[in-house]
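Let me begin by presenting the structure, written as structure tokens, before commenting on it.
Chain naming here is simple, since letters A, B, ... match the order of the sequence lines and numbering starts at 1 in each.
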Amino acid sequence: MPNESVNDTIVDVLRTALGVDKDWVESTIEVPGDRKMGDLALPCFKLAKEKRKAPAQIAKEASDSLPQELPKGVDRIEAVGPYLNVFFDPKSQARDLLESILENGDRFGSSAVGSGKKVVLDFSSPNIAKPFGVGHLRSTVIGHSVANILNFQGYECIRINHFGDWGTQFGKLMVAYIEWGDEVDLEGNDPIQGLLQLYVKFHKLAEEDPSWDDRGREWFKKLEDGDEEALRLWTWFKEISLKEFDRIYTRLGVEFDSYSGEAFYNDKMVRVIQRLEEKNLLEESRGAKIVDLEEYGLTPVLIQRSDDATLYATRDLAAAYYRHDTYEFHKNLYFVASAQNDHFKQVFKVLELLGEPWAKDCEHVPFGLISFADGMMSTRRGKVVFLEDVLDQAVERVDKIISEKNPALNNRAEVAEQVGVGAIVFYDLTRRRIKDWTFDWDRILTFEGETGPYAMYSHARFRSILRKAKQRGLEPHTTIDEIQFDALDNDEAKSLLQALEEFPDQIRRAGEQYEPSLVTQSVLEVADKANKFYNAHHVLVDEEDISRTRLLLVHAVATVLKTGLTLLGVAAPEEM
RNA sequence: GCGCCAGUAGCUCAGCUGGAUAGAGCAACGGCCUUCUAAGCCGUAGGUCCAAGGUUCGAAUCCUUGCUGGCGUACCA
């Protein structure tokens, strides 16, 4: 069914009139693309063969045989060509919607489908000792938003930041530090910059002379074996990074329930290897230990290197077990770039082969990558745009715009931060997550059209009307019975109401598909229709009754926009 | 080579499990601020939905093949 508003009574009436069964109606009925055609439509093509009649004739006959008394809330049902179109009574529709928003407030659009179920979300998960680049934005904001959306639907969300705080990269960094540590500043304001320089220099040399990589592996092995010097450096690098990440998460408003990174699973690797051995899945190959997945069309999973050090896949297996044991999850989600599709296929397949029934509840939620116009981002080559620089630029630009457009704003710095950061977050959540995008300063710093600032602006604008009204002693109607329907009897109000009505359904879909862009699109749709309404009709007019009814609509718009923005992890300032 | 993903207006994208005339934004051009925030609104222009087959009453949507681009393809994560 297209949405929840299709109730049984309507299905029943249509079913009887057409002489078909309930399932047929439920699976065929749809919401017309053009809502002028009706609120629901039932195409009758499929019945043509069976009934040996033209679809249009079937629709016509069915509409003639409808009962006198239509279901509550239905204004009329009419045949239009081969379609049987259902029109809801606009008044009762508007009444139900506004009443629901009035009653539910910022819970409008929420549900309880997930109640009692736990969802584990692994997102953001940046690598320690590397800068937090725009590339890390994706996992962070998508994961955060999906957590908000699922939470809104009653799921209990466990947000895990699976830091990349283990692996050969640390060995490499240690080698670099030992060699050139005195050339960089790791104590000043920007120690990450120093680490990056070491990292880049190392990779430049390693490209020409692979023996550098061997030294890196050696040092990582030392770390795994608990070497004191290695451990000291590792702890120090980690501290430097965590400080930086903390600052960014605070700005983004992102929080986690667990910060157990890869190192956390260090002592849980043995058990994984044990399990694999018990099931006879492990084989020796070229000196390493692997699980062969050839018969499933997958490349082998490397479990243990020839020098016995563990790998990414091993740690993910250990983490999956840990999460299962600790949280008894309904779903275990990984918000990781689509480049790692194969990796997750392998890991989940191994879990399946291990006989774990919960393997099917593990899901990779992939997203496209961010690249530069001239190619890929690469930390190894030092080709990174720091997320903080992007946020700073955005905030700076917003601040300038405020100084031009609303110089009287008193909490300007705070609002500039909210709008600037919100613009970046919203930007990343506008398109479907699977899409790749190219980093472009001009584009990401555009605040007009389908952008975060536009949505925030629309919200602020409508909040402003409510404030102005209050100053004049006007409040929205508080009970639905007071509504003056004439005040909403125009195209702009109707399509605005429609946009508001679709909001809960979009949230539901966004939760099912782990796709925040559906919320973004719905927010933009509401903002668009709201601004059109704003420009076509005055809210604060002489007739008090009309004003108060329109204020109710304004209240509904502000409520929904704020809820939508909040689910996306974007602030909704009162003024801007 | 093989695998996964994408291909819709000049650019960036929507288009829900196939349904009525394929929609927005940006860029371009022309309008609208002495009443609620012009980060807004209205209008003009812009399309062989990558291509060819197939399924269907009906395909941007499903299937097949091909083309283009991105990513992956064992000791990085």
Side-chain angles (χ1 to χ4, degrees), chain A residues 1-3 27-28 30-34 37 41 43 45-46 48-49 54-55 80-83 85 125 127 164 166-169 172 213 216-217 262 285-290 297-307 309 311-313 315-316 336-343 345 366 368-369 371 376 380 398 401-402 404-406 419 430-432 434-438 440 443 446-451 453-458 460-469 472 502 505-506 509 513 517-518 521 524-525 527-528 531-532 534-536 538-541 547 550 554 575-576:
Chain A
M1 269 195 285
N3 64 44
S27 62
T28 311
E30 64 194 25
V31 178
D34 182 355
M37 308 303 285
F45 302 100
K46 284 177 193 161
K49 210 171 263 176
V80 181
Y83 291 88
N85 293 346
S125 309
N127 287 320
W166 206 245
T168 312
Q169 51 180 334
K172 295 177 179 177
D213 285 330
R217 282 189 208 107
E262 295 188 78
S285 172
R286 298 180 217 171
K289 286 195 177 129
I290 64 154
L298 294 168
T299 50
V301 193
L302 230 60
I303 297 294
Q304 200 169 35
R305 282 189 339 209
S306 38
D307 65 357
L311 288 139
Y312 184 36
R315 289 190 283 277
D316 266 350
V336 181
S338 61
Q340 289 184 47
N341 277 348
D342 287 352
H343 165 74
K345 270 190 207 160
L369 55 70
S371 57
M376 219 174 130
R380 294 183 175 196
V398 169
I401 293 172
I402 295 175
E404 288 161 9
K405 299 186 188 267
N406 194 1
V419 177
T430 308
R431 287 165 292 271
R432 278 169 49 232
I434 200 65
K435 295 266 182 183
D436 292 343
W437 53 275
T438 304
D440 179 334
R443 202 179 283 278
T446 294
F447 302 147
E448 288 162 23
E450 295 171 335
T451 65
Y454 170 68
M456 292 184 250
Y457 172 78
S458 308
R461 207 182 202 188
F462 275 62
R463 291 294 306 164
S464 167
I465 299 175
L466 291 166
R467 279 194 305 275
K468 285 264 159 59
R472 300 185 195 178
E502 283 161 15
D505 212 45
Q506 293 302 314
R509 290 184 56 217
Q513 300 175 23
S517 69
L518 293 170
Q521 295 299 331
L524 286 172
E525 181 77 8
D528 176 50
N531 282 310
K532 287 182 162 77
Y534 179 96
N535 276 277
H538 269 273
V539 174
L540 305 177
V541 291
S547 286
R550 289 188 179 157
V554 168
E575 291 178 70
M576 62 185 269

Of the nucleotides B:rU37, B:rA77, B:rA74, which one has an atom closest to the side chain of A:K468? B:rU37
Considering only B:rG3, B:rA14, B:rG70, which nucleotide approaches the side chain of A:R432 most closely? B:rA14
Pairwise C1' distance for B:rG25 and B:rU8, with rounding to whole Å: 15 Å
In whole angstrom, give me the gap between the C1' atoms of B:rC26 and B:rU34. 33 Å
note: A:L302, atom CG; B:rG72, atom P; distance rounded to Å ~ 17 Å
Say we look at B:rA6 and B:rA60: how far apart would their C1' atoms be, to the nearest angstrom? 14 Å
Regarding A:Q304, tell me which of base, sugar-phosphate or nothing describes its non-hydrogen contacts under 4.0 Å with the strands shown. nothing
Closest to the A:T168 side chain: B:rC76, B:rG19, B:rC36? B:rC76
What is the minimum heavy-atom distance between A:D436 and A:G368, and which atoms define it? OD1-CA, 3.1 Å
Minimum-distance nucleotide to A:L311 side chain [options: B:rC76, B:rU37, B:rA14]: B:rC76
How long is the line joining CZ of A:R315 and P of B:rA74, in whole Å? 18 Å
Could a donor-acceptor pair under 3.5 angstrom be found where the side chain of A:R431 meets the base of B:rA14? no
Interatomic distance at P, B:rC16 relative to B:rA22, whole Å: 15 Å
Grab the CG-C1' distance between A:N535 and B:rC42 for me, whole Å please. 8 Å
Starting at the 5' end of RNA chain B, which residue's closest nucleotide do you reach first, A:V539 or A:I402? A:V539
Would you indicate whether the side-chain heavy atoms of A:E525 and A:Q506 approach each other to under 4.5 Å? no
Exam field: side chain A:S547 to backbone A:V539, donor-acceptor pair closer than 3.5 Å: yes
Would you kindly compare A:F447 and A:G164 by the position of their nearest RNA chain B nucleotide and give the one closer to the 5′ end? A:F447
Considering only side-chain heavy atoms of A:R467, which listed nucleotide, B:rG19, B:rU37, B:rC71, is closest? B:rU37
Say you pick atom C1' in B:rC50 and the same atom in B:rA59; how far apart are they, in whole Å? 16 Å
Which of the following nucleotides, B:rU37, B:rG72, B:rG40, is nearest to the side chain of A:N531? B:rG40
Ion pair check, A:D505 and A:R509, cut-off under 4.0 Å: no
Take the protein atom CZ of A:R509 and the nucleotide atom C1' of B:rG15, then report the distance between them rounded to whole Å. 10 Å
Rounded distance in Å between the P positions of B:rC41 and B:rA24: 12 Å
Mind calculating the distance between CD (A:Q340) and C1' (B:rU73) to the nearest angstrom? 14 Å
Summarise how protein sits on nucleotides 20-29 of chain B as a single string, 5' to 3': B when a protein heavy atom is under 4.0 Å from the base, S for sugar-phosphate-only contact, - for no contact. B---BSS---
Is the glycosidic torsion of B:rC13 within 90° of 0, making it syn, or is it anti? anti
May I ask you to verify if any side-chain N or O of A:Y534 is less than 4.0 angstrom from the OP1 or OP2 atom of B:rA38? yes
Between B:rG69 atom C1' and A:D436 atom CG, what is the distance in whole Å? 9 Å
Evaluate whether the aromatic ring of A:F45 and the six-membered ring of the B:rG58 base sit under 5.5 Å apart, centre to centre, with an inclination under 30°. no
Nearest-angstrom distance, C1' atom, B:rU61 to B:rG18: 6 Å
OP1, OP2 of B:rC36 versus side-chain N and O of A:S464: anything below 4.0 Å? no
Checking base pairs now: Watson-Crick or wobble, both atom distances under 3.5 Å. What partners B:rG43? B:rC29
I'd like to know if the side chain of A:S464 and the backbone of A:A460 have a donor-acceptor N/O pair within less than 3.5 Å. no
With a non-hydrogen cut-off below 4.0 angstrom, is A:A48 in contact with a base, only sugar-phosphate, or nothing? nothing
Say we look at B:rU37 and B:rC32: how far apart would their C1' atoms be, to the nearest angstrom? 16 Å
Side chains of A:L518 and A:Q513: closer than 4.5 Å at any heavy-atom pair? yes
Does B:rA14 have a Watson-Crick or wobble mate here (both distances under 3.5 Å), and if so which one? none
Suppose we define a pair by two distances each less than 3.5 Å, Watson-Crick or G-U wobble; what does B:rG1 pair with here? B:rU73
The side chain of A:I465 lies closest to which of these nucleotides: B:rA77, B:rG72, B:rU37? B:rU37
By the Watson-Crick or G-U definition, both distances under 3.5 Å, B:rU34 is matched with none
Between A:Y457 and A:N531, is the side chain to side chain donor-acceptor pair (under 3.5 Å) condition met? List the steps. CA-CA 10 Å; A:Y457 172 78; A:N531 282 310; over 6 Å; no
Roughly, in whole Å, what's the span from CD1 in A:I434 to C1' in B:rG69? 15 Å
Using Watson-Crick or G-U wobble geometry with both distances below 3.5 Å, tell me the partner of B:rA6, or none. B:rU68
Can you list the residues that meet the ring pair (Phe, Tyr, Trp, His ring centres under 6.0 Å) rule with A:Y312, with sequence neighbours excluded? A:H343
Any side-chain heavy-atom pair of A:P366 and A:I434 under 4.5 Å: yes
Between A:T430 and A:Q521, is there a side-chain heavy-atom distance shorter than 4.5 Å? yes
Who does B:rC57 pair with, Watson-Crick or G-U, both distances under 3.5 Å? B:rG19
From CE of A:M456 over to C1' of B:rG40, roughly how many Å is that when rounded to an integer? 15 Å
Examine A:Y83 together with A:F45 and report whether their ring centres are nearer than 6.0 Å. yes
Which nucleotide in the set B:rC4, B:rG72, B:rA38 lies at the smallest distance from any side-chain heavy atom of A:K345? B:rC4
Short side-chain N/O contact to B:rU37 OP1/OP2 from A:R463, under 4.0 Å: no
Can you tell me which nucleotide in B:rC36, B:rA38, B:rC13 comes closest to the side chain of A:K435? B:rC13
